[in-house]
Structure formats: structure tokens, C-alpha cells
*Asks:* 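Quick one: the structure is below, questions incoming.
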Amino acid sequence: MAKQRAKLVVGNWKMHGRLADNKVLLQAVSQGAGSLPEAVGVGVCVPCPYLAQAQVLLNGSRVAWGVQDVSAHEQGAFTGEVAAEMAVEFGASYAIVGHSERRAYHLESAELVATKTLRALEAGLTPIVCVGETLEQREAGETESVIGMQIDAVLTKLSPDQALRIVIAYEPVWAIGTGKTATAEQAQAVHAFLRARLAAKSEAAAAGVVLLYGGSVKPDNAEQLFRQQDIDGGLIGGASLKHIDFLAICQAAVAANAVR
Ligand code: 13P
């Protein structure tokens, strides 16, 4: 029987939040997550200025926290950048790297994303490596070649041991913030492809690495997605800003765990 991986639901707040709103949201998520079974992990990736607030409000709760990007450098004259070690000082567990918004708006290359992944690992963070194709690429039949290139750039930089410690999020660019979700079958097909790519690195990574789906995940589509064989949870944008929706998605992970 295939190894049962833990489910994971992580919120990506993107550039949203204000101290007062965050307080309400974090307290509600922390309280709601308290009753979730251990087999479902929960996290939120907040804007860096709110890391200290997340640490204060989530410490000792079931909810981990993290950042949405890290610098490729350890320290130095890199104005505006945030080092992975700085996030670790505020108790962060996760760092999203290579989100499509950073690849598109900040021209991050696959090579840079790979360096950031390694940096996050070296600092003790779990990188959530995002991959995904645009609508044009999908329609041109390039989904696997684009995603293969993105993930291979990362995997070639990692030892088999390090490969085991990453999380990968498949986020089709055309499904992000658009309300258009990939069907469960479309998402599963790419996740199976990613697992096969991991297997080329190590069987242990293929069996153990948590693969998230992201792109318009909502309470009403989450369970169907999370039930798929190779989908271990979600990276949630818009719905992570509403505690009722985010917690409902966490509950969908619990329900999917029960039937998978
Ligand atoms: P939405 O859930 O808002 O589509 O965003 C997905 C995403 O980009 C998460 O990283």
C-alpha cells in the first residue's frame, strides 16, 4: 500500500493584512484549528512585517507560520531582501519560493528559485516550491515540459536527503485568483507527473514529499481535489483571508484523509 502522507493546508496571504484584521483572523484560525486531528497540518504564510504578530498569536497552537519568499543570499548588501535566517528568528517554519507572481512580476528564473530553495533548507525552513504553467502553455501542450523544467532545476541542486524535506505546490497560473480551478483530474495528472519526477531523484522523496494544489481552492471544491491519490493538500490564496473558509478547507482535508 502507498505510504499515507500527512495532509497539509497552508494559507498564502499575499500582500494582504493589517494588524487589527490579522489579529482577528489569526485568533480565529488558531482556535478553529485546535480541534483538527494531528494528521492535518495547518500553516499561514504572512507578509514579513507581520511575522512577529503571527509568532505571538500562533505560538503553542496547531498553526505554523512562514514567509512568502526568501532572499537567495545569507546576508549582505541586498536592500529590501529578507534572509531565511531572519524568518527563522521569528519562529517561521515555511517559506514559499518561486510563486508564479514572483516568477512573473520579479522575473525570478528557475535557477534563482532553486537557489532560494536551497537557502531556505539550509536555514531550517521547509520550502514550499511553487510550479505551474500558463494558459498558453497548457493549450500548446507544454504543461509537462514547463513543470518538468521548473522542478528539475530545483531537484538537481538538492541532495536526496534535502529533496525529502521540500513541499511542492502545483499552481496552474490560469487558476490563481481567477475562480477557475483545475479539475481534480487535471490536477491529479500533474501531481502524478511531479511524483514520477521525484522518483527519478529518490524513491523516498517520491513517496514522502507532500504535494499541494493551489489555484482558486474554496470550501466547495477542496475535498474533491484533496481526495486525489497524489494531492496532499492545498496552498490557499483568497480563501485563507476568511477564517470560516480557511477552516472549512482544513476540514475538507480531514474528510479527504478519511476516504483516501
Ligand atoms: P487563490 O487561492 O486566490 O487562487 O491563490 C492561489 C495562490 O496563488 C496561492 O499561493
Side-chain angles (χ1 to χ4, degrees), residues 7-17 21-22 25 29 41-48 50-51 54 63-70 87 92-106 108 113 116-117 120 125-135 137-138 143 146-147 150-151 154 166-184 186-187 190-191 194 210-226 228 231-253 256:
K7 282 277 194 291
L8 177 65
V9 177
V10 178
N12 172 11
W13 285 9
K14 308 195 179 184
M15 200 174 72
H16 292 287
D21 300 336
N22 301 347
L25 178 57
V29 168
V42 184
V44 289
C45 290
V46 302
C48 283
Y50 300 132
L51 263 183
V63 185
W65 58 97
V67 288
Q68 301 168 12
D69 182 36
V70 286
S93 301
Y94 294 105
I96 296 172
V97 291
H99 191 281
S100 64
E101 287 150 17
R102 296 215 55 92
R103 293 184 196 255
Y105 308 144
H106 301 271
E108 292 196 3
V113 173
K116 289 184 171 194
T117 303
L125 294 169
T126 297
I128 301 175
V129 182
C130 298
V131 298
E133 82 288 4
T134 64
L135 187 58
Q137 289 164 337
R138 174 164 280 266
T143 301
V146 168
I147 287 165
Q150 290 173 339
I151 200 60
V154 171
I166 66 172
V167 168
I168 300 173
Y170 168 53
E171 299 205 313
V173 178
W174 48 272
I176 295 176
T178 59
K180 270 188 222 160
T181 326
T183 63
Q186 283 173 323
V190 176
H191 281 235
L194 282 167
V210 167
L211 299 183
L212 307 181
Y213 168 79
S216 298
V217 177
K218 306 288 177 210
D220 62 357
N221 59 25
E223 187 180 335
Q224 177 69 9
L225 286 157
F226 298 168
Q228 305 304 307
I231 301 182
D232 304 313
L235 186 57
I236 319 301
S240 72
L241 300 171
K242 299 178 197 142
H243 74 271
I244 292 179
D245 286 1
F246 187 63
L247 289 167
I249 292 170
C250 294
Q251 286 295 350

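Just so you know, ligand 1 is whichever comes first in the structure, and atom 1 is the first atom listed for that ligand.
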*Asks:* A169 near ligand 1, heavy-atom distance under 4.0 Å?
*Replies:*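 No heavy atom of A169 comes that close to ligand 1.
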
*Asks:* Under 3.5 Å, is there a donor-acceptor pair between the H99 and Q68 side chains?
*Replies:*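 There is no such pair between these side chains.
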
*Asks:* If you round to the nearest 0.5 Å, how far is CD of E101 from CE of M15?
*Replies:* 10.5 Å

*Asks:* Tell me, which protein residue and heavy-atom name are nearest atom 3 (O) of ligand 1, and how many Å apart are they?
*Replies:*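 Looking at atom 3 (O) of ligand 1, the protein heavy atom closest to it is G238 N, 2.8 Å.
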
*Asks:* Run down the list K14, K180, E171 and name the one with the heavy atom closest to atom 5 (O) of ligand 1.
*Replies:*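 Checking each option, the heavy atom nearest atom 5 (O) of ligand 1 is found in K14.
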
*Asks:* Considering only non-hydrogen protein atoms, determine which one is nearest to atom 2 (O) of ligand 1 and report residue, atom name and distance to 0.1 Å.
*Replies:* G237 N, 3.0 Å

*Asks:* Heavy-atom contacts under 4.0 Å between C130 and ligand 1: side chain, backbone, both, or neither?
*Replies:* neither

*Asks:* Show the atoms of ligand 1 that are less than 4.0 angstrom away from any heavy atom in S216.
*Replies:* 1 (P), 2 (O), 4 (O)

*Asks:* Whether the side chain of Y50 engages the backbone of G17 through a donor-acceptor N/O pair (distance < 3.5 Å, no angle test) should be reported.
*Replies:*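 Checking the backbone N and O of G17 against the side chain of Y50, a donor-acceptor pair under 3.5 Å is found.
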
*Asks:* Side chain, backbone, both or neither: which part of N12 has a heavy atom under 4.0 Å from ligand 1?
*Replies:*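 Only the side chain of N12 comes within reach of ligand 1.
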
*Asks:* Are any of the heavy atoms in G215 under 4.0 Å away from ligand 1?
*Replies:* yes

*Asks:* For the residue pair Y213 and H191, categorise the inter-ring angle as parallel (less than 30°), tilted (30 to 60°) or perpendicular (more than 60°).
*Replies:* tilted

*Asks:* Can you name the atoms of ligand 1, numbered from 1 with element, that are less than 4.0 Å from a heavy atom of A175?
*Replies:*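 What qualifies from ligand 1 is 4 (O).
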
*Asks:* Can you check side chain to side chain contact (heavy atoms under 4.5 Å, CB included) on L8 and D232, steps first, answer last?
*Replies:* CA-CA 6 Å; L8 177 65; D232 304 313; over 6 Å; no

*Asks:* Please determine if L235 has a nitrogen or oxygen closer than 3.5 Å to a nitrogen or oxygen of ligand 1.
*Replies:* no

*Asks:* Is the shortest N/O to N/O distance between E101 and ligand 1 below 3.5 Å?
*Replies:*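 For ligand 1, there is no N or O atom that lies under 3.5 Å from one belonging to E101.
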
*Asks:* Evaluate whether atom CG of L135 has more than 12 neighbouring non-hydrogen atoms of other residues, nucleotides or ligands under 6.0 angstrom away.
*Replies:*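 Counting other residues, nucleotides and ligands, CG of L135 exceeds 12 neighbours.
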
*Asks:* Find the distance between CH2 (W13) and CZ (F246) and round it off to the nearest 0.5 Å.
*Replies:*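 One finds 9.5 Å between CH2 of W13 and CZ of F246.
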
